[in-house]
K.L.:
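Take a look at this one; I'll ask things after.
Note that the numbering runs from 1 along the sequence shown for the chain. Atoms within each ligand, like the ligands themselves, are counted from 1 in listed order. The figures here come from the full heavy-atom set of this structure, side chains too, leaving out hydrogens, waters and symmetry mates.
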Amino acid sequence: MDLYEHQARQLFEEYGILVPRAEVTDSPRRARVIARGLGGRVVVKAQVRTGGRGKAGGVRLAEDPAAAERTARQILGTDIKGHPVRAVMLAQPVDIESEFYVSYVLDRAAGRFLAIASAEGGTEIEEVAATRPEAVARIPVDPAEGVTSAKATEIVRAAGLPPRTADILIRLWQVLTGEDAVLVEVNPLVRTTRGQIMALDGKVTLDDNARFRQARRGEQEDPHTDPLEAAAAARGIDYVKLDGEVGVIGNGAGLVMATLDVVAGCGARPANFLDIGGGASARIMSDGLSVVLSDPDVRSVLVNVFGGITACDTVADGIVRALDTVRATKPLVVRLDGNNAARGRAVLGDRAHPLVHQATTMDEAARLAARLADTT
Ligand code: GDP
Ligand code: MN
C-alpha cells in the first residue's frame, strides 16, 4: 500500500525528521484559512499517489491566502496522470540551497535492501540516473544489520551528500523498519539556505503482509480505493482491476498471470486479475465470481482452474452457487483441469446454465472468452 505525501510527511515528523509545516484539506476556502495560519505564502501540493506532480502542475507556489484558495480550487478535481486530486497539502515554502535524493528499496531478488542516494535530487532524478548513473550511489543494506552510523556514513560518502544527512538516513531506516515499509523515498531532501536538512517530499510503500502487527493500517487506508477491490480484500481475495473486458479468475498467481497473457494473445484485454488462491473453498469461488460479474466493464468471464489442493468439483460447486445467488448476465467460459476435473465438469454439465461454456484447454477457453466479449 502506497501512502500519500502528507501521510509520509507525518511519519517522518514522528521519527524526528525535519519537514515543512503543512496541513491537508479538500476545501479551497479552508485552504485560504490554512495559508493564513502558515504565514500567507504557501506551496499548494496535489495529494495523489504518483510522482512527477511538479511537472504535471500539481505543485504550485501561492503568494497569499487568496491565491492559495484560487490555486487549491484549480488543482482540486483535476487529474494527475489518471489520479483524481481529492485533497491538497498546503506547506510553508522553503528556500532551497540544494536538492538531494535518498531512498531505501527492497531488493527482493537479493534478499536485502538497497540504499539509493544522489547529491543531484529533484524532479530530474530519473534523467540523472539514465544519463549519468555514476551520480547515483547504490549501496546494499543487510536488513539484519540495518543502517548503522557506519552504513549511513558509507552512503553519504558514496553519494557526496552533506555529512549531516547521515542522521536523516538512520531515521529513515527507522521509519522503514518501524512501519514495515518496503520503500521509503525522499526526493527532494534539501539543504535550506538557513542550513537545515529537510524532507520536502516523501513516498512510502507499506508491506501489506505486516498489516496484522501495524495498528495504524486501517486509518492509513485510502477510503477511495476501487469499491470492488475493497470488497474483494474484505473477503480475502486477491483482486486487481484492469482496463479490459474479459474477467479472469484463476487459482494461483502464476496461473492467473499466464491466463492474462493468453487472453491478450487472443486480441482481447483482461478486465482484472483475480486469484482465488490455492485451497480455495466453494465460497471463495462464488465470492470471486460475484466480484468480477459486478464489474460493468466485464463482457465475458474466463475461469481457469488447475485443480491441485483446490479440487475442481469444489470450484464447480462455487460457480453453481454463484450462479444461483448472483444473476449472471454475462457468458462464462470455464476450463477445469487437474484434481477432480471430470467431476467438476459433470457438476457444471448437470447445472446446464445457458451462459456457461466449458473448454478443455486454456487456449481454447481464452479464444472463446475473447470471442464472447466481442459479441455480447
Ligand atoms: P513531485 O514532483 O511529485 O516529486 O513533487 P515534489 O514535492 O518533490 O515537488 C517538486 C519540486 O517542487 C521539488 O523538487 C522542488 O524543487 C519544488 N518545491 C517543492 N516544495 C518547495 C518549496 O517549499 N520551496 C521551493 N523553493 N521549491 C519547492
Ligand atoms: Mn518529489
K.L.:
Applying side chain to side chain donor-acceptor pair (under 3.5 Å), run through N304 and T259 and close with a yes or a no.
P.N.:
CA-CA 7 Å; N304 186 16; T259 310; 3.0 Å; yes
K.L.:
Report the residue from R171, E179, Q174 that forms a side chain to side chain donor-acceptor pair (under 3.5 Å) with Y15.
P.N.:
E179
K.L.:
We want to know whether D313 and N340 form a side-chain donor-acceptor pair, criterion being a heavy-atom distance below 3.5 angstrom.
P.N.:
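Yes, because at least one side-chain N or O of D313 sits under 3.5 Å from a partner of the opposite role on N340.
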K.L.:
Name of the D201 N, O or S atom nearest the Mn ion (ligand 2)?
P.N.:
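D201's closest N, O or S atom to the Mn ion (ligand 2) is named OD2.
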K.L.:
Evaluate K55 for polar contact with ligand 1, using N/O atom pairs at a separation under 3.5 Å.
P.N.:
no
K.L.:
Give the contacting part of D95 toward ligand 1: side chain, backbone, both or neither, where contact means a heavy-atom distance below 4.0 Å.
P.N.:
neither
K.L.:
Hey, is the main chain of D2 close enough, under 3.5 Å, to the side chain of R49 for a donor-acceptor pair?
P.N.:
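Such a contact is found between R49 side chain and D2 backbone.
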K.L.:
Around atom 10 (C) of ligand 1, find the nearest protein heavy atom and jot down its residue, atom name and distance.
P.N.:
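Ranked first by proximity to atom 10 (C) of ligand 1 is T123 CG2, 3.7 Å.
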K.L.:
May I ask you to check if ligand 1 and R53 share an N or O to N or O distance below 3.5 Å?
P.N.:
yes
K.L.:
Test E69 against R73 for salt bridge (Lys or Arg N to Asp or Glu O under 4.0 Å), laying out the working first.
P.N.:
CA-CA 6 Å; E69 176 173 342; R73 187 163 281 125; 3.3 Å; yes
K.L.:
Of all the atoms in ligand 1, which lie at a distance below 4.0 Å from a heavy atom belonging to V43?
P.N.:
22 (C), 23 (O)
K.L.:
If the cut-off is 4.0 Å to any non-hydrogen atom of L200, which atoms of ligand 1 fall inside it?
P.N.:
7 (O), 20 (N), 21 (C), 22 (C)
K.L.:
Are V105 and L176 linked, directly or through other ILVMFWY residues, by side chains that come within less than 4.5 angstrom of each other?
P.N.:
no
K.L.:
Can you sort out which atoms of ligand 1 are near P188, meaning under 4.0 Å from one of its heavy atoms?
P.N.:
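Going through ligand 1 atom by atom, the ones under 4.0 Å from P188 are 8 (O), 13 (C), 14 (O).
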K.L.:
Could you check whether atom NZ of K203 has more than 12 heavy atoms from other residues, nucleotides or ligands sitting under 6.0 Å from it?
P.N.:
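Open.
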K.L.:
Number the atoms of ligand 1 from 1 as they appear, then name those within less than 4.0 Å of a heavy atom of I96, with their elements.
P.N.:
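Listed by number with element, the hits are 25 (C), 26 (N), 27 (N), 28 (C).
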K.L.:
Any side-chain to backbone donor/acceptor pair from N339 onto G308? Under 3.5 Å, distance only.
P.N.:
yes
K.L.:
Counting both backbone and side chain atoms, is some N or O of G54 under 3.5 Å from an N or O of ligand 1?
P.N.:
yes
K.L.:
What protein heavy atom lies closest to atom 7 (O) of ligand 1? Include the residue and the distance to one decimal.
P.N.:
K45 NZ, 2.6 Å
K.L.:
Report, in ascending order of atom number, the atoms of ligand 1 lying under 4.0 Å from any heavy atom of E99.
P.N.:
13 (C), 14 (O), 15 (C), 16 (O)
K.L.:
Report the nearest protein non-hydrogen atom to atom 4 (O) of ligand 1: residue, atom name, distance rounded to 0.1 Å.
P.N.:
D201 OD2, 3.1 Å
K.L.:
Please check whether T50 reaches ligand 1 - meaning an N/O of the residue sits under 3.5 Å from an N/O of the ligand, judged on distance alone.
P.N.:
no
K.L.:
Regarding E185 and Y101, is there a side-chain donor-to-acceptor distance under 3.5 Å anywhere?
P.N.:
yes
K.L.:
Give a yes or no on whether T123 keeps an N, O or S atom under 2.8 Å from the Mn ion (ligand 2).
P.N.:
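For T123, the answer is no, given that no N, O or S atom comes within less than 2.8 Å of the Mn ion (ligand 2).
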K.L.:
Is the shortest distance from atom 17 (C) of ligand 1 to a protein heavy atom below 4.0 Å?
P.N.:
no
K.L.:
With a 4.5 Å limit on heavy-atom distance, are the side chains of D297 and K241 in contact?
P.N.:
yes
K.L.:
Please tell me whether T78 and Q74 have a donor and an acceptor in their side chains that are separated by less than 3.5 angstrom.
P.N.:
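No, Q74 and T78 have no side-chain donor paired with an acceptor closer than 3.5 Å.
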K.L.:
List every atom of ligand 1 that sits less than 4.0 Å from any heavy atom of P93, numbering the atoms from 1 in the order shown and giving each element.
P.N.:
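Checking each atom against P93, I get 23 (O).
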K.L.:
Give yes or no for whether the N/O distance cutoff of 3.5 Å, strictly under, is met between V94 and ligand 1.
P.N.:
yes
K.L.:
Could you find the nearest protein heavy atom to atom 12 (O) of ligand 1 and give me its residue, atom name and distance?
P.N.:
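The closest heavy atom on the protein side is V59 CG1, 4.0 Å.
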K.L.:
Are D222 and Y4 linked by a side-chain donor-acceptor pair shorter than 3.5 Å?
P.N.:
yes
